Each structure stands twice: as structure tokens, then as C-alpha cells.
Amino acid sequence: MLEFLLTLLVIFFLSQVLLGPVLVRYMQWARTDPEILPVLPNELAQPRMDKVAAYRKELEALGFDFIGYYDIPDLMPNVQVTFALLQNATLKIWAMVPVLRSKALEVCYVEFSTEFSDREELCTNNSSQLQAFIRTPGKKMFQFPKVNDPGTLLKLHHYLSGIHFRNKTVVMVGRDNALKYLKASITRDFIVQAELGFYYLDKDGEKFRPSWKGAILMTWKLVFPVNIIRKIWLNAKAKKIMKEAGFSTTP
């Protein structure tokens, strides 16, 4: 029985490691010009709307101005992205409450984002979802999966900004240009990944597609047991930063 179970485990592992990159290489893509559509609150399904609305209320209490609910229906295949967008013009910080939905999962979280004049960016969120993108020098992202309070997450964002972007000039466009900025930011992320060789632009110039290098690395980062190791490391890193910043690390 043990031998049979081990055989199944090996087959499962090899199918992910070998077949996974092939599926990602030929079936995944990201649109170069994604459509961002406004969404009415009653168009968001419950209980999803309850979670987003609760986060929105907390963010507004922190001084963020609500801009709107939006949907990105065609960014990637089999993934829907809906989000609330807010802005604090005084602090020059964006806040988003994205809901990512696919057949396999649904994730809702809060993310704060600050951009600097040299096109560098700091993102701080409480998503528990592992990132498939390859990290780039110009964009620092920190995740705190166990921090449910937006106020605490915002304080961590300020702390990280002071640590990693001391004396940097913060920039922010007005709310009238928020969607234009957001679309440009999404596209820029894929352009940077393409410049590093993990994506490429298809012949029609309409989609970014994973290269073989990108497909292999993105797949292997998410398969067992790498995903378990990364989650342990992610939580340990978050706990370490919170301790250094003077926050309680008790869940």
C-alpha cells in the first residue's frame, strides 16, 4: 500500500512539474490593453460584496476616498478580477480591494500601493496567495496574510516605505486619471516581465504570453512541495518584519 501511495505521489508531482509548464506556456496569456469596466454594488454577488464593502468602510475611516467598483473581465483567461479602488491624495497612497476568481479559488484582500518618481513602487497587501510573477528590482511587494486590519497594514506600508524608499519622491495622479494610471501600471508589470525574458508579446501585439523560461519557473514556484516551503517562508518573513516594526505577531 505504501509503495502504491508513493507511486501516486511521484506521478502527481511529475505531472505538475512536466505538464504544468506546457499548459501555462500555451494556455495562459495577459491582454496588453485590458478593459476596465465600472460595476454597480448590486452587480457584485454576496457574500463577496459584504467583504469588499467592509474593507471599503475601514479604508474610508482611514482617510481614503472611494473612487468606484470596477471589473477587468478580459485580463487573463479563466480569471475574473473585480476590485474597489480608493485613493488618499494627502498620503499619496492607492488602496485596492481586489477579488480574484477562478474555478479553483476566490481571493479577497487589501493592497496599498505607493509609486515613486523613478518608477519604483511599493505594494503591501494581506493576500495569502503566492505570487507567480518573478520579482523585479523596481517593485517591492510585501505580504502579511495574517493581518486582517487595514489600519495595521497601512502602518506596515508606512514602515516599509521608510525602510526601503527613504528620501524618495512620491508621485500620484489625480483621481480623474486613476483608471488610466491603473491600466498603465498593469501593462508595465508585464512589459518588465517580458524584458526579463519571462513573457513575450505575440505576433498580433495583443497579448503577453509566457516564454518557456517563464512558464517553467512560474509553475515550479506553485507546485508541491515548493509552495509549502514558500508559504512557510512568507509567513516567517511577515512575522519578522512585524516584530521589527513593533507590532504584535500573535494571529
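Position 1 is the first residue of the sequence; numbering continues from there. What you see below is based on every heavy atom in this structure, not just the backbone, and it leaves out hydrogens, waters and symmetry mates. Since this is a predicted model, take the numbers as computed values, not measurements.
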Residue pair M172, L91: steps toward the side-chain contact (heavy atoms from CB on, under 4.5 Å) verdict: CA-CA 10 Å; M172 170 171 274; L91 299 177; over 6 Å; no

Checking side-chain contact (heavy atoms from CB on, under 4.5 Å) for the pair V81/D71: CA distance, chi angles, key distance, verdict? CA-CA 6 Å; V81 182; D71 188 55; 5.7 Å; no

Does R209 make a cation-pi contact with Y199 (under 6.0 Å, within 45 degrees of the axis)? no

Would you call E120 and K168 a salt bridge, using N to O less than 4.0 angstrom? yes

Give the intermediate values and the outcome of side-chain contact (heavy atoms from CB on, under 4.5 Å) for residues K139 and M141. CA-CA 6 Å; K139 185 171 184 175; M141 180 175 290; 4.1 Å; yes

Counting C-beta onward and ignoring hydrogens, is there a side-chain heavy-atom pair between P150 and Y55 closer than 4.5 Å? yes

Should the heavy atoms of other residues, nucleotides or ligands under 6.0 Å from NZ of K57 be counted, would the total exceed 12? no

When every non-hydrogen atom of Q143 is compared with those of A238, the smallest separation belongs to O-CB, 3.5 Å

Would you check if the distance from the ring center of Y109 to the ring center of F144 is below 6.0 Å? no

Cluster question for you: counting only ILVMFWY and a side-chain heavy-atom cut-off of under 4.5 Å, with indirect links fine, are I191 and F198 together? yes

Do any N or O atoms from the side chain of R56 and from the backbone of K51 form a donor-acceptor pair under 3.5 angstrom? no

Decide whether R25 and S211 meet the rule of one side-chain donor and one side-chain acceptor closer than 3.5 Å. no

Quick test of your reading of the model: are E115 and R188 salt-bridged, counting only N-O distances below 4.0 Å? yes

Taking atom CG as the centre, does N78 end up with more than 12 heavy-atom neighbours from other residues, nucleotides or ligands that are less than 6.0 angstrom away? no

Under 4.5 Å between any side-chain heavy atoms of I72 and F83, yes or no? yes

Residues R31 and D74 bridged, charged N to O under 4.0 Å: yes

Is V107 reachable from I186 through a run of hydrophobic residues whose side-chain heavy atoms are each under 4.5 Å from the next? yes

What about the rings of W94 and Y181, do their centers lie closer together than 6.0 Å? yes

Under 4.5 Å between side-chain heavy atoms, counting indirect links through other Ile/Leu/Val/Met/Phe/Trp/Tyr residues: same cluster for V171 and L179 or not? no

Hydrophobic cluster identity match, M96 and L37, side-chain contacts under 4.5 Å: no

Centre of F247's six-membered ring, under 6.0 Å away, within 45 degrees of the axis: is that where NZ or CZ of K155 sits? no

Hey, are R175 and Q87 close enough side-chain-wise for a donor-acceptor pair under 3.5 Å? no

Heavy atoms only: give me the nearest V52-A84 pair and the separation to one decimal. CG1-CB, 3.8 Å

Report the C-alpha distance between V226 and W220 in whole Å, list the side-chain angles of each, state the deciding distance to 0.1 Å, and finish with yes or no for side-chain contact (heavy atoms from CB on, under 4.5 Å). CA-CA 7 Å; V226 177; W220 289 2; 5.6 Å; no

When clusters are formed by joining ILVMFWY residues with side-chain heavy atoms under 4.5 Å apart, either directly or through shared neighbours, do Y200 and L217 land in the same one? no

Heavy atoms of other groups near R119 CZ, more than 12 under 6.0 Å: no

Residue pairs, two or more places apart or on separate chains, that pass side chain to side chain donor-acceptor pair (under 3.5 Å) and touch residues 156-165: T114-H157, T124-H157

